[in-house]
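For reference, the structure is listed below as structure tokens.
Just so you know, these numbers use all the heavy atoms, side chains as well, and skip hydrogens, waters and symmetry mates. Quick note on labels: first sequence line is chain A, next is B, and so on, each numbered from 1.
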Amino acid sequence: MAMDKTFDAAEAEARLYDAWDKAGSFAAGANAQPGAETFSIMIPPPNVTGSLHMGHAFNNTLQDILVRWHRMQGHDTLWQPGQDHAGIATQMVVERKLAQEGNQGRREMGREAFLEKVWDWKQESGGTIINQLKRLGASCDWSRNAFTMSGAPQAPEGEDGNFHDAVIRVFVDLYDKGYIYRGKRLVNWDPHFETAISDLEVENVETPGHMWHFKYPLAGGATYTYVEKDEDGNVLFEEERDYISIATTRPETMLGDGAVAVHPSDERYAPIVGQLCEIPVGPKEHRRLIPIITDEYPDPDFGSGAVKITGAHDFNDYAVAKRGDIPCYRLMDTAARMRDDGASYAEAAETAMAVAKGERTLTEAEADAVNLVPDDLRGLDRFEARKAVVEQITGEGLAVMVPPTDPRLGTKPPAAPEEGGEPRDEQLVPLVETKPIMQPFGDRSKVVIEPMLTDQWFVDTTQIVGPALDAVRDGTVEILPERDKKVYFHWLENIEPWCISRQLWWGHQIPVWYAPNPAGGSEWHHVCAASEAEALKKLRAMWGDDAEFRVTADETEALELFRAYLDNWTDEGAIRQAQGVKAIPVFRDPDVLDTWFSSGLWPIGTLGWPEETDALKRYFPTSVLITGFDIIFFWVARMMMMQYAVVGERPFDTVYVHALVRDEKGKKMSKSLGNVLDPLDLIDEYGADAVRFTLAAMAAMGRDLKLSKDRIAGYRNFGTKLWNACRFAEMNGVFEGHQGPSEAPKATATANAWIIGETARVREEVDAAIGAFRFNDAANTLYAFVWGIVCDWYVEFSKPLLAGDHEAVVAETKATTAWVLDRCLLMLHPFMPFITEELWGTLGSRDKMLVHGDWPQESAADLVDADAQREMTWVIALIEGVRSARAQMRVPASLKVKLLVSGLDENGRRAWQANEALITRLARIDTLEETDGFPKGTVTIPVGAATFGMPLDGVVDVAAEMGRLEKQLAKLQKEIGGLDKRLSNPKFVDSAPEDVIEETRGNLSARREEEHTLETALARLREIG
RNA sequence: GGGUGAUUAGCUCAGUGGUAGAGCGCUUCGUUCACAUCGAAGAUGUCAGAGGUUCAAAUCCUCUAUCACCCA
């Protein structure tokens, strides 16, 4: 049956994928030769609720190329797929869905019911991304599909697995080793989701904002002389002040100020350092005083040079507060509303005053209990509170005032009276600068992140970062491209503690239980254990064997229980077991772990750790990790730290970091810009092979790729080209009885010998390129070979050979064509799996599918025939020369011309004789005749030593021909000039390597020969002209 | 402010010291039986600018300009 003219991707892709899948072609170790080396890749787990975007398509195409390449080489190959549970994103999706469906909210339905809903959603939507990856052709071992929440306590049937156990075990292990601790620290707080998030989940965006300037009056009406000097010490400005001027973008946080800081070198404020000043907001009668301190942090050249220190709501201030032992007063609740809890403002302010005066100190917990929000602002949203604070301060006259013409106001000053404007009102206005400020936004919630002092769990990364750094430094782990090493080092060398607790429900609940401390104290005592039973065992060890515990749902319930029994307790400096049998309240930490904590265990967790599985032994450490640059910190660095901390081994040998897929204008694809190209739409339109090939061809290391549909269409056409070359072969019976793969045929025809050598050379290039992760080089080499060499030349050469009467030549040409096309299919398969598999199955009868085809091994050294190569180069030059001359002289394409030649040397003569049929066919030549001199009106074509001529019997336009030749000559002479200059430079001859000099000499003499031919031809034309 | 990178044909980009390249687009011609998702031929460059190193620089170094990204 005749083949169609094009490949029907829409019809074939699902069918082919299904065939691979059914045959178990992607299973770990499929097609492995006995004793083969292993090759393993862990997929960067996509979010379970996610769908395939262009970045995934790119990332997974590259992985699939490597995996298919290794599998075809007979290596023991594993591509491990899976998804992560994406705590915050998934919880967000499910909450939104519940709201849309008019269900109860998360809090109303409670934790357990909510988690059930999340699992429902996971089971409903979790397969989406898998099916999308399959459409891309990803050859993952789906039977091993992993999930970072598998085996969790609430997991429904079919979601069993080791991951939960692994995560919990690692937490306990790291805790026991002292790498995990609980602490009250300033963290990024997302007020929408009401959880801590990582600094990596914060996007800093420049946003229009304001900078307010306020006066903090000195305590007790003190004054000082404020002096400003220029660089040379000349006094510019001097006045008596009873305040210090502070600039802030966040006036609402003034309520929690613990100090005002100036740089130690700042002479302007030296007289008042150590004094107290007043926060200019809050009820007058309880206005708080705070000290003026020195710290390196304030920049004397920025603003007034004085900075207010609000340790509980700013990261820089927090550092200053820690250094200067300044109390941190939290002002907001978990939704970033101004606090409405605790004692009255009057009481709180009094406490704070005592601290400022050094009369008392506060523990962290005590400081946290102090609510310094004035009663009238309590419960307000932080942005409303800001407005109110500004109004109050300005109303009281404590804003810094400037004339309305002050350029810092950013408004166009009104025209001066002398310029015809209204008479100037001399009234001053508050100094409020309008300027862009960097604001942190949650990357999921898109709300402004609030730095917040809260109790969280941290990994003490400084303790585990060492091996992760060493491994890359000493080359144990390779990161490509090179410069991403710098990014990696920079981040790890300045590593911050990793906040791993999240105030979410969807995730691995932290395996820590709290109970009263038998030794007394106001804080809960905690134990870390892999299970509740073990936790209770540990508690029992402290409380005694007869202790009875009651596990409560949460801290509130535990407190109630505790209080109810307090009366029965005796406190003799320590809390003691109550008289009679009373249960001791125990509750589990409600928080869950950062998703990246579990993703950090991906390499070992997916292989069954903590079990010593066969897969773990075979495939760990993994071979390659392919990932985007945007998660070097999130994931790569953490996997490195965690694998070393947990199993003391590198997670992978090589990390290949790829760049971003952008739209064709170079813009980052984003939903809000509407420039997103959906890979599935593209696959529908052009086929998966075209999309994959495009991505591979554009994957120059470390460069962003700008994707345009034209490019994809181009590679779709490439597939069609390949298809039709095969169709041609099929029509000519090339594949009749063909079984391939086979040894390279023994070729007698030069064209056959030549293409066999070219194929071997390309195979080496492709292998070298893929081996070095130069996917674009591999793709482009194949493109140029298949289209530019096989289709453009070899297929054309083969036509006269196949049509000839010489049976042996016909048979040899068929065998060669089949062999070459087989190799095209084999080498293209990792890039274009579908069309190549379809062709493979259509042509010849095969004993196995192409997915398990034997990757070619031929070497150029064995198969390149230098004589054949030289001869075919000569033939191609002749054909191109004739075609070019014909086109420029406007010889009709259909006209067969007579060709003359002079100066044909032995090689040329042999080349002509051996290839006459194909030359005359491709150049449309009637006959060749040797001659000593060309007649008038002959167009000249130099090829090697020979000069060919096309007699056009006077039709030739002498001027046009002269123009054509002169242009060629000019180009040639430019080259000759350059070569000659180099060779006549004695320094070049002395210092350049021998082979370079040889090559240059060879080039020069060849050019000179050609120059001579052209000059002769021109001279002849001049005679006519 | 700190860091990283980019600047090569109309567009998108390869090109790690030795004759400047590809794809797309453009121009002209062509439906001869693999392919019009095609074929043939052609035009197009101060390799951002200025210095330097070298026999030799798009390539290495320095500075400048512009742009992008990451981190504050």
Side-chain angles (χ1 to χ4, degrees), chain A residues 2-3 5-7 199-200 204 299 302 315-316 438 440 481 483-484 486-487 490-491 494 629-630 632-633 659-660 662 664-668 686-687 690 694 697-732 734 774 776-777 780 783-784 787-788 791-792 795-796 798-799 879-880 882-894 921-924 964 967 971-972 974-979 981-993 995-997 999-1000 1003-1004 1006-1007:
Chain A
M3 286 168 67
K5 278 190 170 184
T6 55
F7 171 59
D199 49 358
L200 296 175
N204 289 296
D299 175 0
F302 188 79
F315 284 95
N316 290 315
M438 289 305 273
R483 70 161 174 273
D484 284 300
K486 288 188 198 164
V487 180
H490 183 259
W491 193 70
N494 299 287
F629 76 97
D630 49 337
I632 294 178
F633 311 133
L660 214 62
R662 296 169 178 279
E664 55 194 311
K665 295 189 189 81
K667 286 256 177 346
K668 201 168 166 173
Y686 300 103
T694 307
M698 296 179 78
M701 216 183 276
R703 287 284 297 250
D704 285 349
L705 41 125
K706 296 179 193 167
L707 199 59
S708 82
K709 285 188 163 196
D710 285 348
R711 194 80 187 253
I712 303 171
Y715 290 119
R716 188 260 330 263
N717 296 353
F718 173 59
T720 305
K721 189 74 182 174
L722 172 73
W723 181 268
N724 279 290
C726 291
R727 182 167 174 261
F728 160 79
E730 197 263 352
M731 288 166 75
N732 282 277
V734 162
R774 288 185 282 107
N776 58 324
D777 283 351
N780 291 328
Y783 184 97
W787 199 319
C791 293
D792 287 350
V795 169
E796 295 305 325
S798 75
K799 285 175 184 173
I879 294 168
E880 285 184 331
V882 173
R883 280 174 171 176
S884 177
R886 289 176 64 120
Q888 288 180 61
M889 291 300 110
R890 307 200 173 278
V891 178
S894 53
R921 179 188 169 108
L922 295 183
R924 303 203 58 75
R964 186 179 77 93
K967 196 165 177 189
K971 205 169 150 192
L972 206 53
K974 200 178 149 199
E975 280 176 35
I976 289 169
L979 293 169
K981 196 176 138 200
R982 270 204 279 164
L983 281 169
S984 52
N985 182 344
K987 285 184 183 168
F988 172 69
V989 185
D990 288 347
S991 31
D995 56 328
V996 172
I997 298 172
E999 198 190 333
T1000 312
N1003 265 329
L1004 182 59
R1007 301 292 132 148

Least distance between heavy atoms, A:Arg921 atom then A:Lys799 atom: NH2-CD, 3.3 Å
Nucleotide B:rU19, atom P - distance to CZ of A:Phe988 in whole Å: 10 Å
Rounded P spacing from B:rC61 to B:rC69 in Å: 25 Å
Heavy-atom side-chain contact between A:Arg774 and A:Asn776 under 4.5 Å: yes
Gap between atoms CZ and P, on A:Arg982 and B:rG17 respectively (whole Å): 15 Å
Nearest-Å distance for atom pair CG/C1', residues A:Asn985 and B:rC55: 5 Å
Sugar-phosphate, base or nothing in reach of A:Ser884, heavy atoms under 4.0 Å: sugar-phosphate
Distance test, side-chain N/O of A:Lys486 to OP1/OP2 of B:rG5, below 4.0 Å: yes
Selection from B:rG42, B:rG18, B:rC55 that lies nearest to any side-chain heavy atom of A:Gln888: B:rG42
Nearest atoms (heavy-atom pairs only) where A:Asn494 meets A:His490: ND2-O, 2.7 Å
Whole-angstrom distance between B:rA50 and B:rA40, as gauged at atom P: 40 Å
Nearest to side-chain heavy atoms of A:Tyr783, which nucleotide of B:rG23, B:rU4, B:rC55: B:rG23
Distance, C1' atom - from B:rC29 to B:rU16, rounded to whole angstrom: 42 Å
Span that lies between the C1' atom of B:rC47 and that of B:rG17, in whole angstrom: 15 Å
Gap in Å between the two C1' atoms, one belonging to B:rU31 and one to B:rC67, rounded: 47 Å
Separation of atom CD1 in A:Ile712 from atom P in B:rG23, rounded to whole Å: 18 Å
Sugar-phosphate only, base, or nothing, as touched by A:Pro993 at under 4.0 Å among non-hydrogen atoms: base
Dot-bracket encoding per residue of RNA chain B, Watson-Crick/G-U cut-off under 3.5 Å, | denoting interstrand: ((((((((.[[[[.)..(..]]]].(((((.......))))).....[[[[[..)....]]]]]))))))).
B/S/- contact track for nucleotides 27-39 of chain B, protein heavy atom under 4.0 Å: -S---B-BBSBSS
Lys/Arg-Asp/Glu bridge criterion (N-O < 4.0 Å) met for A:Glu880, A:Arg883: no
side-chain N/O A:Asn204 vs B:rA72 OP1/OP2, d < 4.0 Å: yes
Closest approach of A:Leu983 to A:Ile997 (non-hydrogen atoms, all atoms of both residues): CD2-CG2, 4.2 Å
Separation of B:rA22 P from A:Arg711 CZ (nearest whole Å): 13 Å
Nearest-angstrom distance from the residue atom NZ of A:Lys987 to C1' of B:rG17: 17 Å
Under 3.5 Å donor-acceptor, A:Asn732 side chain and A:Val734 backbone: no
Whole-angstrom distance between B:rG1 and B:rU53, as gauged at atom C1': 33 Å
Atom C1', compared across B:rU54 and B:rC60: separation rounded to whole Å: 9 Å
Under 3.5 Å donor-acceptor, A:Arg886 side chain and A:Ala893 backbone: yes
Side-chain touch A:Trp723/A:Met3, heavy atoms, less than 4.5 angstrom: yes
Sequence neighbours excluded, every pair satisfying side-chain hydrogen bond (donor to acceptor under 3.5 Å, both in side chains) that has a member inside residues 711-722 of chain A: A:Arg711-A:Tyr715
Chi angles and distances behind the side-chain contact (heavy atoms from CB on, under 4.5 Å) call for A:Arg727, A:Asn724: CA-CA 5 Å; A:Arg727 182 167 174 261; A:Asn724 279 290; 3.7 Å; yes
Between B:rG2 (C1') and A:His490 (NE2): distance, integer Å: 8 Å
B:rG45 versus B:rU4 - spacing of their P atoms, nearest Å: 36 Å
A:Val996 and A:Phe988, any side-chain heavy atoms less than 4.5 Å apart: yes
Residue mapping more 5' on RNA chain B - nearest nucleotide basis, A:Glu999 or A:Asp777: A:Asp777
Touch class at under 4.0 angstrom, heavy-atom based, for A:Asn780 against every strand present: nothing
Whole-Å gap separating C1' (B:rU19) and CG (A:Leu972): 11 Å
Sugar-phosphate only, base, or nothing, as touched by A:Tyr715 at under 4.0 Å among non-hydrogen atoms: nothing
